[in-house]
Amino acid sequence: MAGVSKVAPTPLLKDELDIVIPTIRNLDFLEMWRPFFEQYHLIIVQDGDPSKVIKVPEGFDYELYNRNDINRILGPKASCISFKDSACRCFGYMVSKKKYIFTIDDDCFVAKDPSGKDINALEQHIKNLLTPSTPFFFNTLYDPYREGADFVRGYPFSLREGIPTAVSHGLWLNIPDYDAPTQLVKPLERNTRFVDAVLTIPKGTLFPMCGMNLAFNRELIGPAMYFGLMGDGQPIGRYDDMWAGWCMKVICDHLGLGVKTGLPYIWHSKASNPFVNLKKEYKGIYWQEELIPFFQSATLPKDCTTVQSCYIELSKQVKAKLGKVDDYFLKLADAMVTWVEAWDELNPSGEKSVEQNGVVVAK
Ligand SMILES: O=c1ccn([C@@H]2O[C@H](COP(=O)(O)OP(=O)(O)O[C@H]3O[C@@H](CO)[C@H](O)[C@H]3O)[C@@H](O)[C@H]2O)c(=O)[nH]1
Ligand SMILES: [Mn+2]
C-alpha cells in the first residue's frame with residue numbers, strides 16, 4: 001500500500017478555543033509550547049507601557065491588545081480593567097469570540113509527567129471541560145469519566161450523569177502558587193509532587209483559584225470571570241484570580257455548573273518577588289477573613305438564571321455587605337457592573353440561561 005501520509009490530527013477545539021496570555025515581556029516561552037499551541041489562536045493582553053514592542057515568535061496566529069487598545073475599545077468602561085497587574089487578562093476573555101478560553105502566564109512552561117513525557121496541558125484542560133463534573137456526591141476514585149476509572153459502589157445512579165463543567169483549574173510543578181508570607185518562610189520550597197488526579201470541587205465549597213493555568217467554558221461562565229480591580233491605583237494585588245474564583249464558584253453552584261481541579265500541571269519557572277508580593281497582598285490577607293464568610297453565605301435568588309443576572313446580584317451584595325470592610329469594595333461592586341455592561345456590549349448575543357446554552361441543569 002502506498003506510504004500512508006501521516007496527517008497530524010486536527011487539535012481538539014482548534015477553532016473554538018482562544019489562548020489568553022497577559023504579558024509585560026517577550027513571549028519566547030511560546031517556543032516550548034509550539035507543538036501544543038501553534039494551531040490555536042492567541043489573544044495577548046499587553047500590560048504596562050503600551051509603547052513597548054512585545055515580540056511574538058513567528059508562526060503563531062494572534063491578536064494583541066495594549067492599554068491604548070483597551071481604552072479605545074471600551075472607552076470609559078476601560079476603568080474596570082486593571083493596569084499593571086495580571087488581572088488585565090480578563091479583557092482577553094471579553095474580546096474573544098470563542099466558546100472556550102485557556103489562560104496561561106508567560107513564565108509557565110511544559111512540564112513532564114513521571115514517565116518523562118511532555119504534558120499537553122491544553123489537551124487535558126479540554127478533556128476536563130468536555131466531561132461532566134460531580135459536585136453533589138464525592139467519588140472516591142476521583143474522576144469517574146477517566147479511562148480506567150468509574151463510579152464506585154454506593155454512588156447514586158441518579159447522579160452519575162453529572163453536570164456540565166464550566167471551569168478546569170490546573171496546577172504547577174516547581175514554583176508553587178504560594179502567598180508572600182509562605183514564600184518568605186519557605187523560599188526554597190519547590191513542588192515536586194505530581195498527583196495524577198482530577199477532582200470536582202464539591203458544591204458549597206470555595207477554593208483559591210489561580211489564574212496561571214486555567215481554562216473555562218466562556219459561554220457557560222464567561223461573564224463571571226472578572227478579575228477585579230488590582231494593580232495601579234488599587235490597594236490590593238494578587239487577589240484577581242481569587243476574587244474571580246469565589247464569585248464564579250458561588251454562581252456555578254447556583255446555576256448547576258461544575259468546577260474541576262488537578263491535572264494538568266505546568267512548570268512554573270519564576271518566583272515573583274515575595275516582598276513586592278507582600279505589599280500587594282497584605283490587605284487581602286486580612287480582608288479575606290471577612291470575604292470568605294461572605295461568599296460562603298452568599299445566596300442568589302431563583303430568578304437569577306443567567307450569569308449576568310447572578311453577577312449583578314452578587315455585586316449588589318458586595319456593595320451592601322463588604323462596603324463596611326473597606327470603601328474599595330464599593331468601587332469594586334461598581335466595577336463588577338461596568339464589567340458586565342462592557343461584556344454585553346462586546347458580546348451582543350444577549351444573556352443566555354444555562355438551558356438556552358443547551359445545558360440541562362440538575363434540579
Ligand atoms: O504587572 C504585571 C505583572 C505581570 N503580568 C503578567 O502576568 C503573569 C504573571 O506574572 P508573574 O509570573 O510575574 O507573577 P506571579 O506572581 O507568578 O503571578 C501569579 O500570581 C497571581 C498574580 O495575580 C496570578 O495567579 C499568577 O499570575 C505573567 O504572564 C506576566 O507577564 C502582567 O500582565 N502585568
Ligand atoms: Mn509566575
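Every number for a ligand or one of its atoms is a count from 1 in the order of the listing. Note: hydrogens, waters and symmetry copies are ignored here, and every other heavy atom, side chains too, is used.
If you chain together hydrophobic residues whose side chains sit under 4.5 Å apart, Phe216 and Leu263 never meet in one group. Residues Ile292 and Leu314 share a hydrophobic cluster, clusters being chains of Ile/Leu/Val/Met/Phe/Trp/Tyr side chains in contact below 4.5 Å. Cluster annotation: Leu214 and Phe207 are assigned to the same hydrophobic cluster (Ile/Leu/Val/Met/Phe/Trp/Tyr, side-chain heavy-atom contacts under 4.5 Å, transitive).
Remark: ligand 1 atoms within the under-4.0 Å shell around heavy atoms of Thr23 are 31 (O), 33 (O). In the vicinity of Arg89, heavy-atom distances shorter than 4.0 Å reach the ligand 1 atoms 27 (O). Short contacts between ligand 1 and Ile24, defined as distances under 4.0 Å to a heavy atom of the residue, involve ligand atoms 2 (C), 3 (C), 4 (C), 31 (O), 32 (C), 34 (N). If you number the atoms of ligand 1 from 1 as listed, the ones under 4.0 Å from a heavy atom of Gly211 come out as 25 (O). Close approach of ligand 1 to Cys210 (heavy-atom distance below 4.0 Å) involves ligand atoms 25 (O).
If you check the side chains of Thr205 and Lys249, you find no donor sitting under 3.5 Å from an acceptor. For the residue pair Thr165/Asn128, the side-chain donor-acceptor check at 3.5 Å is not satisfied. Donor-acceptor pairing under 3.5 Å is lacking for the side chains of His268 and Asp105. In this structure, a donor-acceptor pair under 3.5 Å is present between the side chains of Asp106 and Thr23.
Put simply, part of His268 is less than 4.0 Å from ligand 1, judged by heavy atoms.
Using bins of under 30°, 30° to 60° and over 60° for the plane-to-plane angle, the ring pair Trp339/Trp343 lands in the tilted bin. Note on ring orientation: taking the six-membered ring where Trp is involved, the planes of Trp246 and Trp243 are perpendicular (angle over 60°, cut-offs 30° and 60°). Aromatic ring orientation, Tyr328 versus Trp287: parallel (interplanar angle below 30°, classes split at 30° and 60°).
The protein heavy-atom contact nearest to atom 11 (P) of ligand 1 is Lys270 NZ, 4.0 Å. The protein non-hydrogen atom at the shortest distance from atom 15 (P) of ligand 1 is Ser272 OG, 3.6 Å. The shortest contact between atom 6 (C) of ligand 1 and any protein heavy atom is with Pro22 O, 3.7 Å. Nearest protein heavy-atom neighbour of atom 23 (O) of ligand 1: Asp240 OD1, 2.6 Å. With respect to atom 33 (O) of ligand 1, the closest heavy atom belonging to the protein is Asp47 CB, 3.4 Å. When only non-hydrogen protein atoms are considered, atom 16 (O) of ligand 1 lies nearest to Arg238 NH1, 2.4 Å.
Here the options are Phe136, Phe138, Phe137, the test is ring-ring contact (aromatic ring centres under 6.0 Å, His included), and the partner is Tyr155; only Phe137 passes. The only member of Leu13, Leu12, Leu17 that meets side-chain contact (heavy atoms from CB on, under 4.5 Å) when paired with Leu122 is Leu17. Considering Asn213, Leu30, Ile19 as possible partners of Ile104, the one that fulfils the side-chain contact (heavy atoms from CB on, under 4.5 Å) test is Ile19.
Residue His268: an N/O/S atom is found under 2.8 Å from the Mn ion (ligand 2).
Within Asp107, OD2 is the N, O or S atom that lies nearest to the Mn ion (ligand 2).
Contacts between Asp105 and ligand 1, counted as non-hydrogen atom pairs separated by less than 4.0 Å, involve both the backbone and the side chain. Under 4.0 Å from ligand 1, the heavy atoms of Asp241 that appear belong solely to its side chain. Counting heavy atoms under 4.0 Å from ligand 1, residue Met230 does not touch it at all. At a heavy-atom distance under 4.0 Å, atoms from both the backbone and the side chain of Asp106 approach ligand 1. For Ser86, heavy-atom contacts with ligand 1 shorter than 4.0 Å involve the backbone as well as the side chain.
Here the shortest heavy-atom distance to atom 12 (O) of ligand 1, taken over Leu27, Thr103, Asp107, Val276, belongs to Asp107.
The shortest N or O to N or O distance between Ile104 and ligand 1 is not below 3.5 Å.
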